[in-house]
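Below: one structure, written as structure tokens.
Residue numbers begin at 1 in each chain, while the letters A, B, ... track the order of the sequences.
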Amino acid sequence: MSTPEKATPSHFIRQIIQKDLSEGKNSGQVATRFPPEPNGYLHIGHAKSICLNFGLATEFDGTCNLRFDDTNPEKESEEYINAIKADVEWLGFEWNDDIRYASNYFSKIHEYAVQLIEQGQAYVESLSVDEIREYRGTLTEPGKDSPYRNRSVEENIDLFQRMKAGEFDEGTLVLRAKIDMSSGNINMRDPVIYRIRKVEHHQTGNEWCIYPMYDFTHCISDAIEGITHSVCTLEFEAHRPLYDWVLDSLGTPSHPQQIEFARLNLNYTITSKRKLKQLVDEGVVSGWDDPRMPTVAGLRRRGYSPGSIRNFCEMIGVTKSDGVVDMGMLEFSIRDDLDKSAPRAMCVLRPLKVVIENMEEGAKETLSMSAHPKDESMGSREIHFTREIYIDRDDFAEVPPPKYKRLIEGGEVRLRGCYVIKCQEIIKDADGNIIELRCTRDIDTLGKKPEGRKVKGVVHWVSAETCVDAEIRMYDRLFTAENPDSNKDGRTLLDVINPESLTVFHNCKAESGLVGAVVGKPYQFEREGYFVLDSDAHKSKNLVFNRTVTLRDSWTKIAPK
RNA sequence: UGGGCCGUCGCCAAGCGGUAAGGCACCUGGUUUUGAUCCAGACAUGCGCAGGUUCGAAUCCUGCCGGCCCAGCCA
């Protein structure tokens, strides 16, 4: 089963599971879960967690549940639930049985709360929010007991029952676990486990007006589902003692093991649902699926493949050390995938007309080009060569910089998949702008090298007669700062938005075969990058492509400015 | 200054007492009708620092230093 030479080193969570399995824990079962709160769209950081949890389940022949952690109804919605489901499926994962909701367990969780009260381990608090905070103490000073901490079990049961019945206003009472107000771990200083919220819940409607808090809900939900390994991010590490306290106190039939790993940080972007939502709400981007967003929906629209994201998540590893992954790794991953999978096509972004003088007016040659230079199974396509064609303005220079190997006056260049042409004359308008090139073709260079000379440059081109118009959206990083999140110098997120994160090219000329482009199917536009038809392209008469990522480019690095 | 966690190449990351994997980036060559891909090579005498244990330490011990998380009726 294992490949000795190339075995990818195991990360620490895999090692824990392997050890558990070898010791016969959990009856040899592995059950994980991915537990998003439906209060926003999933982002690349969630993708890491999804790949980890579902991947572990697959690897160890176990199961992974998709469970919505929906205990805070005022921030959650059905829209987010649907988006999250779609994203998980698109990434290529299948959840075990039906989707779960923490809200499915509200009755059971409530019973457990009553049990805790009966055991004298929970009490109804009458202190105000501010008072609770004061009593909690600080990082360095212990807290002090609430005057209500020793209410009788009977009184607590009565009060909690009346909270549930809606007799009290929001904010007046809460249920607290009775643990230790002097604990060095602030999470153990009698944490609130139930609060009153008189709002409708997207799943349970108006059935409840009290809702359990995360710390009380999550561990119980895990236990109910028989989760064996409850994998979460580092910020929950200090909550683990509480997770264990709740389950131990309740004596739940199963007691999952919480394991924390470092969440993903990517430079030049943010992975915070709250801040992503801010960009959407303030109109900085067009929506959660704006191709500049690091959301799964945004990446999908941008042209990223599920496989490239999965591969990226494999590449970055799983550890407990906080790091910042270079965006270049994500870009490598998508280029690596698309180089193999994307058929090639030609599209001229900044058209410059070229007239082939030694070709007859109205003549049209049909040429066949392979869809992929190395993969013949991808077949071929037809392109047309006509007297008038377009090349990119950047592929001609009146005054060429050193090392330039594209077209210059009196020079030759290879038209990709076509003839070698020579530039005979530059035509300019009254203002001195180059508007046309007059060239001649060498008829003896189709599919063969020219005689007695070397032609170094190859440029892409398109027939002016048969090409189709296209709009191309060129995306760049959304932020100019490596760490947009850091508020140093009073700088905010909005201060570091990249003004050039979206540049639209309106007059692009694409080879005719591209009219058949469909949403989600990637292309490599030769010498430019990878592109995909935008999902709202149908709103436009022309083709609309998003640039997923550029090709690796060693020219702009050495090109003089 | 309380509690928890983390420091191995520019970035990610193996390593689990026997003498520093791999990937990304960068650099050098080669192939190439994409300045792409591909191929070959180069890239930490060193593992936050300082001591100690040991024949032997990135791995064990001690002490420092640096970073992250926790004081929501958010998750």
Side-chain angles (χ1 to χ4, degrees), chain A residues 6 8-11 15 35-37 39 69-72 74-75 125 128-129 132-134 136-143 170-176 182-189 191-197 211 213-215 217-218 232-241 260 262 267 273-274 314-333 335-336 339-340 344 346 369 372-374 403-406 413-418 420 445 447-449 455-460 524-529 550-559:
Chain A
K6 274 199 74 179
T8 41
S10 195
H11 55 69
Q15 292 180 348
E37 182 188 10
N39 65 345
D69 222 334
D70 55 347
T71 56
N72 190 8
E74 55 222 299
K75 288 189 176 171
E125 174 65 274
S128 69
V129 193
I132 288 176
R133 189 183 313 117
E134 282 170 33
R136 186 150 38 217
T138 69
L139 293 179
T140 50
E141 300 156 24
E170 282 186 18
T172 55
L173 296 178
V174 290
L175 184 70
R176 291 231 249 174
S182 65
S183 171
N185 182 347
I186 291 186
N187 297 304
M188 299 298 271
R189 319 240 260 232
V192 172
I193 57 176
Y194 258 96
R195 77 291 217 187
I196 300 169
R197 280 289 174 278
Y211 292 97
M213 300 283 290
Y214 165 85
D215 283 310
T217 307
H218 200 85
C232 63
T233 43
L234 251 29
E235 66 269 27
F236 293 102
E237 211 157 15
H239 293 244
R240 186 169 6 113
E260 311 84 12
N267 62 10
K273 258 197 267 183
R274 207 194 93 240
E314 191 64 39
M315 245 169 104
I316 58 176
V318 178
T319 66
K320 295 190 67 149
S321 67
D322 243 323
V324 182
V325 173
D326 195 310
M327 186 61 101
M329 285 223 220
L330 221 206
E331 293 180 346
F332 166 82
S333 186
R335 284 193 187 108
D336 193 45
D339 174 57
K340 296 177 184 73
R344 315 280 119 129
M346 292 196 284
M369 266 189 95
H372 190 107
K374 291 200 252 188
K403 305 253 174 111
Y404 192 77
K405 50 184 210 191
R406 281 114 100 152
V413 79
R414 160 76 66 180
L415 293 178
R416 172 111 246 240
C418 189
V420 168
T445 55
K448 62 168 100 157
K449 295 196 193 313
V455 174
K456 279 179 303 197
V458 180
V459 303
H460 56 104
Q524 183 196 102
F525 290 172
E526 292 197 88
R527 303 211 312 129
E528 290 290 354
T550 61
L551 251 27
R552 186 157 161 268
D553 179 6
S554 57
W555 165 243
T556 52
K557 263 188 293 207
I558 58 168

Distances for protein N or O near nucleotides 8-11 of chain B N or O, under 3.5 Å:
unit_1, atom_1, unit_2, atom_2, d
B:rC11, O3', A:V324, O, 3.3
B:rC11, O2', A:V324, O, 3.0

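- Contact of A:Q524 with B:rU34 (side chain to base): a donor-acceptor pair of N or O atoms is detected under 3.5 Å.
- Remark: A:E134 pairs with no residue by the salt bridge (charged side-chain N to carboxylate O under 4.0 Å, His left out) rule, at least two apart or across chains.
- Within 3.5 Å, no donor on the side chain of A:R240 pairs with an acceptor on the base of B:rG4, nor the reverse.
- Applying the side-chain contact (heavy atoms from CB on, under 4.5 Å) rule to A:P191 yields the partners A:A177, A:I179, A:L242; only residues at least two apart in sequence or on another chain are considered.
- Counting non-hydrogen atoms under 4.0 angstrom, A:K374 reaches a base of the nucleic acid.
- Using a 4.0 Å heavy-atom distance criterion, A:F525 is classed as making no nucleic acid contact.
- Nearest nucleotide to the side chain of A:K557, out of B:rA36, B:rG35, B:rC27: B:rC27.
- Here the CZ atom belonging to A:R527 is positioned 11.0 Å from the CH2 atom belonging to A:W555, to the nearest 0.5 angstrom.
- Between B:rG4, B:rA14, B:rG35, one nucleotide has an atom nearer to the side chain of A:E237 than all others, and that is B:rG4.
- Summarising the geometry, the separation between CG on A:D553 and C1' on B:rC26 is reported as 15 Å, rounded to the nearest angstrom.
- Annotation: salt bridge (charged side-chain N to carboxylate O under 4.0 Å, His left out) contacts of A:R335 (sequence neighbours excluded): none.
- With both ends at atom P, the span from B:rC16 to B:rA58 equals 12 Å, rounded to whole Å.
- The two residues A:L234 and A:K320 come nearest to each other via the heavy atoms CD2-O, 3.3 Å.
- When the side-chain nitrogen and oxygen atoms of A:R335 are compared with OP1 and OP2 of B:rU37, none of them lie within a distance under 4.0 Å.
- In this structure A:V413 satisfies the side-chain contact (heavy atoms from CB on, under 4.5 Å) test together with A:L407, A:I421, A:V459, sequence neighbours excluded.
- Per the geometry, NZ belonging to A:K320 stands 16 Å off C1' belonging to B:rC16, to the nearest Å.
- Computed from coordinates, the A:L551 CG to B:rU33 P distance equals 17 Å when rounded to whole Å.
- Separation of the P atoms belonging to B:rA20 and B:rG46 is 12 Å when rounded to the nearest angstrom.
- Between the A:R414 side chain and the A:V455 main chain, no donor and acceptor come within less than 3.5 Å of each other.
- With both ends at atom C1', the span from B:rC47 to B:rG3 equals 29 Å, rounded to whole Å.
- The residue A:G143 sits apart from the nucleic acid: no heavy atom pair falls under 4.0 Å.
- Qualifying side-chain hydrogen bond (donor to acceptor under 3.5 Å, both in side chains) partners for A:D336, counting only residues two or more places apart in sequence or in other chains: A:K340.
- B:rA40 and B:rA44 have their C1' atoms separated by 22 Å, with the value rounded to a whole Å.
- At the heavy-atom level, A:V318 lies under 4.0 Å from the strands shown only through sugar-phosphate atoms.
- A:K273 comes within 4.0 angstrom of nothing in the nucleic acid, heavy atoms only.
- Pair assignment for B:rG41: B:rC27, on the basis of Watson-Crick or G-U wobble contacts that are both within less than 3.5 Å.
- The interatomic distance linking A:I316 (CD1) with B:rA14 (P) rounds to 12 Å, in whole Å.
- Atom NE2 in A:H11 sits about 16 Å away from atom C1' in B:rG15, given to the nearest Å.
- Within 4.0 Å (heavy atoms only), A:T319 reaches sugar-phosphate atoms of the nucleic acid but no base atom.
- Remark: A:R344 CZ to A:D339 CG distance equals 5.0 Å, nearest 0.5 Å.
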Could you go over nucleotides 28-30 of chain B and give all protein N or O partners under 3.5 Å, atom names and distances?
none

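- Across all strands shown, A:K403 has heavy atoms under 4.0 Å from base atoms, whether or not it also approaches the sugar-phosphate.
- Going from atom CG of A:N267 over to atom P of B:rC24 covers 17 Å, rounded to whole Å.
- Regarding A:E314, its CD atom lies at a distance of 12 Å from the C1' atom of B:rG23, rounded to whole Å.
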Practice prompt. Check the pair A:R552 / A:E331 against salt bridge (Lys or Arg N to Asp or Glu O under 4.0 Å), numbers first and verdict last.
Written response: CA-CA 10 Å; A:R552 186 157 161 268; A:E331 293 180 346; over 6 Å; no
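- Rounded to a whole angstrom, the distance from the P atom of B:rC6 to that of B:rG51 is 25 Å.
- Rounded to the nearest Å, the gap between the C1' atom of B:rU59 and that of B:rG7 is 14 Å.
- Take the nearest nucleotide of RNA chain B for A:T140 and for A:R344: the residue whose nucleotide is more 5' is A:T140.
- Counting distance only, with no hydrogens placed and no angle test, the side-chain atoms of A:R414 and the base atoms of B:rU33 include a donor-acceptor pair under 3.5 Å.
- Remark: B:rG17 base-pairs with no nucleotide in the shown strands. Criterion, Watson-Crick or G-U wobble with two distances under 3.5 Å.
- For the pair A:T445 and B:rU33, the criterion of a side-chain N or O lying under 4.0 Å from OP1 or OP2 is not met.
- Taking atom P on both B:rC9 and B:rG48, the two are 8 Å apart, rounded to the nearest angstrom.
- Listed by chain and number, the residues in a ring pair (Phe, Tyr, Trp, His ring centres under 6.0 Å) with A:H239 are A:F236 (sequence neighbours excluded).
- Legend: residues meeting side-chain hydrogen bond (donor to acceptor under 3.5 Å, both in side chains) with A:R136, ordered by chain and number and at least two apart, are absent.
- B:rC60 is paired with B:rG52 under the criterion used here, namely a Watson-Crick or G-U wobble arrangement in which both key atom distances are under 3.5 Å.
- In this structure, A:K456 places its NZ atom 15 Å from P of B:rU32, rounding to the nearest Å.
- In this structure, B:rU33 makes no Watson-Crick or G-U wobble pair, since no nucleotide meets both defining distances under 3.5 angstrom.
- Residues forming a ring pair (Phe, Tyr, Trp, His ring centres under 6.0 Å) with A:H218 (at least two apart in sequence, or on another chain): A:Y214.
- Map A:C418 and A:G328 each onto its nearest nucleotide of RNA chain B; the residue landing nearer the 5' end is A:G328.
- Using a 4.0 Å heavy-atom criterion, one finds that A:P241 contacts no nucleic acid atom at all.
- Remark: A:Y194 engages A:F160 in a ring pair (Phe, Tyr, Trp, His ring centres under 6.0 Å) (not counting sequence neighbours).
- The phosphate of B:rA14 (OP1 or OP2) has no side-chain N or O of A:Q15 nearer than 4.0 angstrom.
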Fill in: Per-nucleotide protein contact string for nucleotides 69-75 of chain B, where B marks a base within reach and S marks sugar-phosphate only (heavy atoms under 4.0 Å, - for neither)
SBBSBSB
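- A:D69 places no side-chain N or O within donor-acceptor distance of the main-chain N or O of A:P36, the cut-off being under 3.5 Å.
- Pair check for B:rG72 finds none; no Watson-Crick or G-U wobble contact set falls under 3.5 Å.
- A gap of 40 Å separates the C1' atoms of B:rC68 and B:rC55, to the nearest Å.
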